[in-house]
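Encoded as structure tokens, the structure appears first; notes follow it.
Heavy-atom basis, side chains included; hydrogens, waters and symmetry copies ignored.
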Amino acid sequence: MFPEKIELEYSDSKNLLIKLSGDWRISSGLPGEDKVISFFAEHPDIAQVNFEALQLKEWDSGIISFLLHLARNCEKKNINVNLEGLPQGVKKLLTLALTIEEKEIAEEVKEPFLARVGDRTIKVIESISSLLDFLGEIAVAFGRLILGKAYFRKTDFFPIVQKCGIDALLLVSLISFLVGVILAFIGAIQLKLFGAQIYIADIVGIGMVRVMGAVMTGVLMSGRTGASFAAELGIMQTNEEIDALKTLGINPVEYLVMPRVMALVIMLPLLTIYADLLGIIGGYTISTFFLGLNPVEYLQHTQRAIKMNYVWIGLVHGFVFGIIIAVSGCLRGMKCQRSSAAVGEATTSAVVTAITCIVIATAIITFVCQILGV
């Protein structure tokens, strides 16, 4: 009645013995459990199922799947399943599989348009509320720092400063130099039509000092440092280290967030000035060595073009970007869920949030400067 791999022996004591034999690999073909289940229907008085695997040869996950479906069916019929006759490996895997509850997959129901809009609106409001709460906690932490009451360790602060500043110099140098080169080439394309290539110095100098140096530095630090902050705090949240700090009476915002915010706010304006210098050097190199401009005249034009107001505007950009990157990274890390996947999501969200806010802040600052005439 059944394939040679399965042999059933039913006794008067209401026990069913299932003998497994042969090769139970998926590649060699496996019998279905339907025929065994139909045997249950023919003998509804079965109280227990036993197994014998003396003749069982090679096996893989196929036998686990077969026995799992059989055990689930027996569970529904209140039939006891005795696994003692199975090989040790099969018994362990089957026991593990039986401990995991099956979850019914609900059919995806498409929500109405207004319901989706309402959900998104609620999420946006909750995000804004969470951000305001976090900014308030940071403000309180800085107030306690000024009063000398914050739990702030200098030994933790200076390594973060080094990570945000010195360790980022190579990357900032490369990108800033190349941005200066790109601006010089773009300016040369149009200005040479009018014989005014010397004004490349003005384009590179004003562009780098006023906006591009700060923006490129901010984008780089968002992907480098902001993501690092989110990942570090997210892992600490996953490992319950932040809960441990709270248990010890230590405010995690003071101990973890404040040093990172301060380090980035201090270092990003300095990196912005450095990026401005490297961008000007990049434009100078291309203009003098490849476009044939006079080096002294180029430097004089650069000096006349760059006003102190432009330098201050660039520093304001850097200061604002430092706050944005630090808050975005720390907020996403502190709000991270406790799973490895959530850490990756928090890191990605921190970078996306920081870059988006940098672009918006740049537009706002540029608009305000235009209104003020600076």
Would you find a donor on one side and an acceptor on the other, under 3.5 Å apart, between the side chain of [X] and the backbone of [Y]?
| X | Y | result |
| --- | --- | --- |
| Arg210 | Tyr310 | no |
| Ser173 | Leu169 | yes |
| Thr285 | Ile281 | yes |

Would you check if [X] and [Y] make a side-chain contact, meaning some heavy-atom pair closer than 4.5 Å?
| X | Y | answer |
| --- | --- | --- |
| Arg260 | Glu232 | yes |
| Asp167 | Arg224 | yes |
| Val257 | Met334 | yes |
| Leu191 | Ile198 | no |
| Asp276 | Ile306 | no |
| Asn251 | Tyr151 | no |
| Pro259 | Ile160 | yes |
| Leu256 | Leu245 | yes |

Check this for me: [X], atom [atom1], are more than 12 non-hydrogen atoms of other residues, nucleotides or ligands nearer than 6.0 Å?
| X | atom1 | result |
| --- | --- | --- |
| Leu170 | CG | no |
| Phe157 | CZ | yes |
| Phe319 | CZ | no |
| Gln337 | CD | no |

Going from [atom1] on [X] to [atom2] on [Y], what distance comes out if it is rounded to the nearest 0.5 angstrom?
| X | Y | atom1 | atom2 | value |
| --- | --- | --- | --- | --- |
| Thr302 | Asp202 | OG1 | CG | 7.0 Å |
| Ser176 | Leu271 | OG | CG | 9.0 Å |
| Arg304 | Leu299 | CZ | CG | 11.0 Å |
| Glu84 | Lys91 | CD | NZ | 4.0 Å |
| Thr362 | His317 | OG1 | NE2 | 5.0 Å |
| His301 | Glu297 | NE2 | CD | 5.0 Å |

Yes or no on side chain to side chain contact (heavy atoms under 4.5 Å, CB included) for Val204 and Tyr298, after CA distance, side-chain angles and deciding distance? CA-CA 11 Å; Val204 175; Tyr298 184 95; 3.9 Å; yes
Tell me, with the steps shown, if Ile266 and Val161 meet side chain to side chain contact (heavy atoms under 4.5 Å, CB included). CA-CA 8 Å; Ile266 292 172; Val161 171; 5.7 Å; no
Hey, any chance [X] and [Y] share a hydrophobic cluster, counting ILVMFWY side chains that come within less than 4.5 Å of each other, even indirectly?
| X | Y | result |
| --- | --- | --- |
| Ile186 | Ile200 | no |
| Phe158 | Met267 | yes |
| Leu86 | Leu68 | yes |
| Leu171 | Val179 | yes |
| Leu178 | Ile203 | yes |

List the atom of [X], the atom of [Y], and the distance in Å for their closest heavy-atom pair.
| X | Y | answer |
| --- | --- | --- |
| Tyr274 | Val172 | CD2-CG1, 4.1 Å |
| Ile242 | Leu233 | CD1-O, 3.9 Å |
| Gly282 | Val181 | O-CG2, 3.7 Å |
| Met208 | Gly180 | SD-N, 4.3 Å |
| Gly283 | Ala184 | CA-CB, 4.0 Å |
| Gly318 | Ala214 | N-CB, 4.1 Å |

Go through the steps to decide whether Ile365 and Cys369 satisfy the test side chain to side chain contact (heavy atoms under 4.5 Å, CB included), and finish with yes or no. CA-CA 6 Å; Ile365 294 173; Cys369 291; 4.0 Å; yes
Under the side-chain hydrogen bond (donor to acceptor under 3.5 Å, both in side chains) criterion, do Ser130 and Glu126 qualify, and how do the steps go? CA-CA 6 Å; Ser130 177; Glu126 290 177 350; over 6 Å; no
Worked check of side chain to side chain contact (heavy atoms under 4.5 Å, CB included) between Val327 and Leu131: CA-CA 9 Å; Val327 171; Leu131 174 60; 4.0 Å; yes
